[in-house]
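A quick write-up on the structure given underneath.
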Amino acid sequence: MRLSRSLVPTLKETPAEAQIASHRLMLRAGLVRQTASGIYAWLPAGWRVLQNIAQIVREEQDASGAQEMLMPTIQSAELWRASGRYDAYGPEMLRLKDRHERELLYGPTNEEMITEIVRSSVKSYRELPQNLYHIQWKFRDEVRPRFGVMRGREFLMKDAYSFDLDYAGAVVSYRKMMLAYMRTFQRLGLKAIPMAADSGPIGGDLSHEFIILAPTGESQVFYDAAFEGIDYTGGQFSFDSEADLQRFHEMMTGSYAATDEKHDTAAWAKVAEKREGRGIEVGHIFYFGTKYSEPMGLTVAGPDGKPVVPHMGSYGIGVSRLVGAIIEASHDEAGIIWPDSVAPWQAVIVNLKPGDAACDSICEDLYAKFAGKALYDDRADRAGAKFADADLMGHPWQIVVGPRGAAAGNVELKRRATGERQELAVDAALARIL
RNA sequence: CGGGGCGUGGCGCAGCCUGGUAGCGCGCGUGUUUUGGGUACACGAGGCCGCCGGUUCGAGUCCGGCCGCCCCGACCA
């Protein structure tokens, strides 16, 4: 995109409503605009980030064997009465009526709907297991939306639902999702720690929250250094190997990890290498047995022909929350520092002197070669303003093209994360990035 | 939902106490200037002062109601 013709409204000053770093930076970098309390419009740059994150989430879900689908945002109240949650869910659920006075709701989650869909189409144990997910907007009428996109009322979530014949099968599905999550967060450039969470009446160790480390996180976290440096994407854990999945699960549950709410000082004392930090919750997975399948009448024919009630689990990632969380984990005084995998553009080409033949020629050439992966700052602004915006927007690379180097066919390459700069020939710079 | 606060050009704010024809900085437009980290100067555009009602000769300012938004707390991807 050419910046001169794009809607990327950066701000020099911070709007008064924004308190935390990610919210301030998202507004200043022109990623989002708030349209109502807890509801945001995603502007071009922000939308690219959101899609990049969603794509990584999607790839890892697919790799785990889950199938993507899309369920609607609007659901009928009837569905929720069947599970008993219509009344139980409370005022957080946005309720609507259509022109015929039929009761509808804007989905806060999709257990009921997916259970109904599976109920109507899956008839035999041979069709299990199934794991279905979608990436869809949710609405939860939070009492107090805050922290920008991290605690909005409308938010984009990836939610997956697994269906297995029995508990043993559900455990395998659970472990696959846990692995998919750790791989996803690693690819997003985040350090994530799975933490045991309340699993309700079902019990067991099959509910985990995924906390990512960020200095400005909401809660204090305590964890074993054993979680550091594990490579989840390198091939040592296969989704197809139950032995791998078990080893992985033991690794994740065998070391101490807790937020301040559940911190156990006695157990903590025994940890050899302690780590503490701040964290943000970005995902939650749990096994809940037949909590929905039972009341909603989901059964399949078992091997002996008799009906069996499938065991379910559900698995959520806050996709839009991740945008804020990544910024909390990766920014400095000047602005955002995007991990390469989620950046809206890999590089910004900063033309210091639009109109100068040498500068224009190098920039146009670079811009074409990046084929959409670079933002071209062709605005007729001061150099300082462009540098400030480039840092603010957080592009992983900045390619500075000025008359000084252009004459010799050189550009300056700056890495946003380290601040490191060097003067290179155009092709050499290009080779470093692509 | 309890507690606190704020709504005045696009953004950040002053003016309100003590009513008298709306102001500052940034941004925006034009021109000159400058030309590698938000340059300087000049001219200019842009405001239902959140909304409704009341008091008053006169309301951004005082009174009442409503709406919106933010912050702290309890709860959540």
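To find a chain, count down the sequence lines: A is the first, B the second, and so on, and within it residues start at 1. Because only heavy atoms are used, hydrogens play no part in the values below, and waters and symmetry mates are left out as well, while side chains stay in.
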To the nearest Å, give me how far apart CD (A/Q61) and C1' (B/A77) are.
14 Å
When the C1' atoms of B/A14 and B/C24 are compared, how many Å lie between them, rounded to an integer?
7 Å
Do you see a donor-acceptor pair shorter than 3.5 Å between the side chains of A/S4 and A/D378?
yes
Has A/F155 got its ring stacked on the base of B/A77, with centres under 5.5 Å and planes less than 30° apart?
yes
Rounded off to whole Å, could you give me the CD-to-C1' distance for the A/E209 and B/C75 pair?
13 Å
Tell me: CG of A/D391 to P of B/G36, nearest whole Å?
17 Å
Can you tell me whether the side chain of A/R144 and the base of B/G3 have a donor-acceptor pair closer than 3.5 Å?
no
For A/D159, report the nucleic acid contact type (base, sugar-phosphate, nothing); a contact means any heavy atom under 4.0 Å.
nothing
Pairing donors with acceptors under 3.5 angstrom, does anything connect the side chains of A/S207 and A/H284?
yes
Roughly how many Å apart are B/C49 and B/G60, using the P atom of each and rounding to a whole number?
7 Å
Just checking A/A385: base, sugar-phosphate only, or nothing, at a heavy-atom cut-off of under 4.0 Å?
base
Nearest-angstrom distance from the residue atom CZ of A/R379 to C1' of B/G37
13 Å
NA contact type, A/E13, heavy-atom cut-off 4.0 Å: base, sugar-phosphate, or nothing?
base
Within this structure, what is the CZ-to-C1' distance between A/R140 and B/A77, rounded to whole angstrom?
6 Å
Using only heavy-atom distances, determine whether the side chains of A/Q55 and A/E59 contain a donor-acceptor pair under 3.5 Å.
yes
Round to a whole Å and report the spacing from CD of A/E92 to P of B/C1.
14 Å
Go through A/K414 and A/E420 one step at a time and tell me if the salt bridge (Lys or Arg N to Asp or Glu O under 4.0 Å) criterion holds.
CA-CA 6 Å; A/K414 176 179 166 184; A/E420 175 202 350; over 6 Å; no
Under a 3.5 Å cut-off for both contacts, is B/C1 paired Watson-Crick or G-U wobble with anything, and if yes, with which nucleotide?
B/G73
Return the nucleotide paired to B/C17: Watson-Crick means purine N1 to pyrimidine N3 with N6-O4 or O6-N4, wobble means G-U with N1-O2 and O6-N3, both under 3.5 Å.
none
If you assign A/V400 and A/G148 each to the RNA chain B nucleotide with the nearest heavy atom, which residue ends up on the more 5' nucleotide?
A/V400
What's the spacing between A/M195 CE and A/E281 CD if we round to 0.5 Å?
10.0 Å
Within the pair A/T14 and B/G12, is there a side-chain N or O less than 4.0 Å away from OP1 or OP2?
no
What contact category does A/L352 fall into here, base, sugar-phosphate, or nothing, at under 4.0 angstrom with non-hydrogen atoms?
base
Which part of the nucleic acid, if any, lies within contact of A/D381, taking any heavy atom under 4.0 Å across all strands shown: a base, the sugar-phosphate backbone alone, or nothing?
nothing
Nearest of B/C69, B/U39, B/G36 to any side-chain atom of A/A383?
B/G36
Would you confirm whether the ring centroid of A/H263 sits within less than 6.0 angstrom of the ring centroid of A/W268?
yes
Roughly how many Å apart are B/A59 and B/C63, using the P atom of each and rounding to a whole number?
16 Å
For B/A42, which nucleotide in any strand shown is its Watson-Crick or wobble partner with both distances under 3.5 Å?
B/U30
Need one value for A/A388: base, sugar-phosphate or nothing, where a base atom within 4.0 Å counts as base even if backbone is also close, heavy atoms only.
base
A/I39 CD1 to B/C69 P: how many Å, rounded?
8 Å
Which part of the nucleic acid does A/G324 contact within heavy-atom distance under 4.0 Å: base, sugar-phosphate only, or nothing?
nothing
Give a yes/no on whether any side-chain N or O of A/R151 is located under 4.0 angstrom from OP1 or OP2 of B/A77.
no
What nucleotide, of B/A77, B/G38, B/G36, holds the atom closest to the side chain of A/H284?
B/A77
Within the structure shown, what part of the strands sits under 4.0 Å from A/T109 by heavy-atom distance: base, sugar-phosphate, or nothing?
nothing
When the C1' atoms of B/G68 and B/C52 are considered, how many whole Å apart are they?
14 Å
A/R33 near the nucleic acid: base, sugar-phosphate alone, or nothing, with a heavy-atom cut-off under 4.0 Å?
nothing
Taking any strand in view, what nucleotide pairs with B/G7 in a Watson-Crick or G-U wobble way, both distances under 3.5 Å?
B/C67
Quick one: label A/G402 by what it contacts on the DNA or RNA (base, sugar-phosphate, nothing), any heavy atom closer than 4.0 Å.
base
Would you measure the distance from the P atom in B/G7 across to the matching atom in B/G50 and give it in whole Å?
8 Å
With a non-hydrogen cut-off below 4.0 angstrom, is A/R153 in contact with a base, only sugar-phosphate, or nothing?
nothing
Side-chain N or O of A/Q34 versus OP1/OP2 of B/C70: is the shortest distance under 4.0 Å?
yes
Does the pair A/D340/A/R415 count as a salt bridge with the N-to-O cut at 4.0 Å?
yes
Rounding to the closest angstrom, what is the interatomic distance between B/G38 and B/C26 at atom P?
15 Å
For atom C1', what is the distance between B/C17 and B/U61, given to the nearest Å?
9 Å
Give A/A36 one of three labels, base, sugar-phosphate or nothing, depending on what nucleic acid heavy atoms sit under 4.0 Å from its own.
sugar-phosphate
Roughly how far apart, to the nearest Å, are B/C75 and B/C6 at atom P?
28 Å
Does A/K12 place a side-chain N or O at less than 4.0 Å from the phosphate oxygens OP1/OP2 of B/G27?
yes
Among B/G36, B/A77, B/G37, the nucleotide that comes nearest once only the side chain of A/R421 is considered:
B/G37
Any carboxylate oxygen within less than 4.0 angstrom of a Lys/Arg side-chain nitrogen, looking at A/R153 and A/D141?
yes
Against A/Y287, only a single residue in A/Y174, A/Y167, A/Y161 fulfils ring-ring contact (aromatic ring centres under 6.0 Å, His included); can you say which?
A/Y167
Pick the nucleotide of RNA chain B nearest each of A/G405 and A/V143; which residue has the one closer to the 5' end?
A/V143
Minimum-distance nucleotide to A/E142 side chain [options: B/C75, B/U39, B/G12]
B/C75
Length of the line joining A/K386:NZ and B/U39:C1', which is rounded to integer Å
15 Å
